[in-house]
Amino acid sequence: MRMRIITTTFWKQPRLIAALLANCFTLDPSVLLLSHTLYVLQDKNATYGFIAVKYHSKNVLERGSLYVYPRFRGKGYGKRLMKHVLAKHKRAYVLCKQYDQPFKEKQGFQLIHKAPFALAYRRFFYNALISSITKNKIIIMCRKKS
């Protein structure tokens, strides 16, 4: 089977909403409320995973949730989706847990302290309210300019 990455939205692929919501503690369901593009890796028989890109404004694009179905993990499908998105979107931000910083740096992102409001308020909200429970701080990273 020939795998391909299609460009769509969650609203055009409602069966993927179930995967997003079932994993809402690790994936970000806010993508459903924002303008977004969804890239789905699939072939005729299976959907392997997806990655979302959220548009906060014309200048603020956030790499959103990346998900590979459990039975397909460890085979490079997530990396394939990530490379596809980064090839299409040269300027992108990502919010991530502080302990993910080295991994994101390998993907070409760098830590930033001054961030666009659309991202900074989410970091503030999470770090002020939720991190006291989870013990994880959120940071904002931006794709390095090539």
Side-chain angles (χ1 to χ4, degrees), residues 3-42 47-146:
M3 279 188 247
R4 61 191 177 114
I5 297 175
I6 64 162
T7 304
T8 186
T9 69
F10 276 106
W11 302 115
K12 292 179 183 173
Q13 299 280 326
R15 72 188 193 292
L16 299 180
I17 294 173
L20 180 72
L21 295 177
N23 295 281
C24 68
F25 292 111
T26 55
L27 300 178
D28 182 5
S30 73
V31 71
L32 297 173
L33 304 175
L34 297 168
S35 175
H36 71 278
T37 299
L38 185 67
Y39 299 96
V40 181
L41 180 62
Q42 64 182 25
T47 297
Y48 298 90
F50 57 82
I51 188 169
V53 174
K54 299 186 276 187
Y55 299 92
H56 296 278
S57 70
K58 72 176 192 151
N59 296 322
V60 180
L61 177 136
E62 178 187 353
R63 198 233 71 189
S65 297
L66 169 64
Y67 183 75
V68 176
Y69 286 93
R71 70 179 185 265
F72 300 119
R73 291 182 185 159
K75 297 180 171 120
Y77 298 138
K79 184 183 276 189
R80 185 171 173 181
L81 284 162
M82 175 63 87
K83 283 182 178 182
H84 182 81
V85 165
L86 294 179
K88 286 191 161 297
H89 305 284
K90 301 296 182 204
R91 178 91 171 148
Y93 296 90
V94 65
L95 277 78
C96 64
K97 306 242 176 13
Q98 206 166 23
Y99 59 78
D100 281 335
Q101 183 175 348
F103 180 65
K104 299 299 181 203
E105 286 172 345
K106 287 179 184 175
Q107 294 175 341
F109 290 90
Q110 64 187 6
L111 179 67
I112 60 169
H113 298 285
K114 185 174 178 171
F117 178 77
L119 302 173
Y121 89 88
R122 288 181 48 220
R123 175 185 57 195
F124 174 79
F125 173 79
Y126 186 92
N127 289 341
L129 301 175
I130 299 172
S131 70
S132 62
I133 298 165
T134 66
K135 307 297 183 217
N136 295 312
K137 293 272 187 194
I138 292 291
I139 59 173
I140 300 174
M141 300 183 79
C142 185
R143 181 132 185 246
K144 293 178 189 174
K145 293 181 181 175
S146 23

Which atoms form the tightest heavy-atom contact between Ala52 and Val31, and what is the distance? CB-CG2, 3.7 Å
Can you tell me how far the NZ atom of Lys54 sits from the CG atom of Leu32, to the nearest 0.5 Å? 10.0 Å
Ser30 versus Asp28, side-chain donor and acceptor atoms under 3.5 Å: yes
Let me confirm one number: the NZ-NZ distance from Lys97 to Lys137, rounded to the nearest 0.5 Å. 13.0 Å
Test item: Gln42 and Arg4 side chains (from C-beta on) under 4.5 Å apart, heavy atoms: yes
If you measure from CD1 on Ile139 to CG on Leu119, what distance do you get to the nearest 0.5 Å? 12.5 Å
Short side-chain to backbone donor-acceptor contact, Arg143 and Leu86, under 3.5 Å: yes
Could you tell me whether the side chain of Leu61 reaches within less than 4.5 Å of the side chain of Arg91, counting heavy atoms only? no
Are His89 and Arg63 close enough that some pair of their side-chain heavy atoms sits under 4.5 Å apart? no
Distance check, rounded to the nearest 0.5 Å: Asn127 atom CG versus Asn136 atom CG? 9.5 Å
Where is the tightest heavy-atom contact between Ala19 and Asn23, given as atom of each residue plus distance? O-ND2, 2.7 Å
Evaluate the side-chain proximity of Leu95 to Tyr126: yes if any heavy-atom separation is below 4.5 Å, no if none is. no
Pairwise distance CD1(Ile140) to NZ(Lys104) - rounded to 0.5 angstrom: 14.0 Å
For residues Ile112 and Cys142, report the shortest heavy-atom separation together with the two atoms involved. CG2-CB, 3.9 Å
Pairs where residues 67-86 contributes a residue and the test ring-ring contact (aromatic ring centres under 6.0 Å, His included) is met, not counting sequence neighbours: Tyr39-His84, Tyr48-Phe72, Tyr48-Tyr77, Phe50-Tyr67, Tyr67-Tyr69
What one should report as the nearest heavy-atom pair of Ala120 and Ala115 is CB-O, 4.0 Å
How many angstroms lie between atom CG of Leu27 and atom CG of Leu21, to the nearest 0.5 angstrom? 9.5 Å
Testing the basics here: between Arg73 and Val68, what is the closest heavy-atom pair and its distance to 0.1 Å? NE-O, 2.7 Å
Just so I know, are the side chains of Met141 and Gln107 near enough to count as touching, which here means a heavy-atom distance under 4.5 Å? no
Mind checking whether Gln13 and Ile6 have side chains closer than 4.5 Å, heavy atoms only? yes
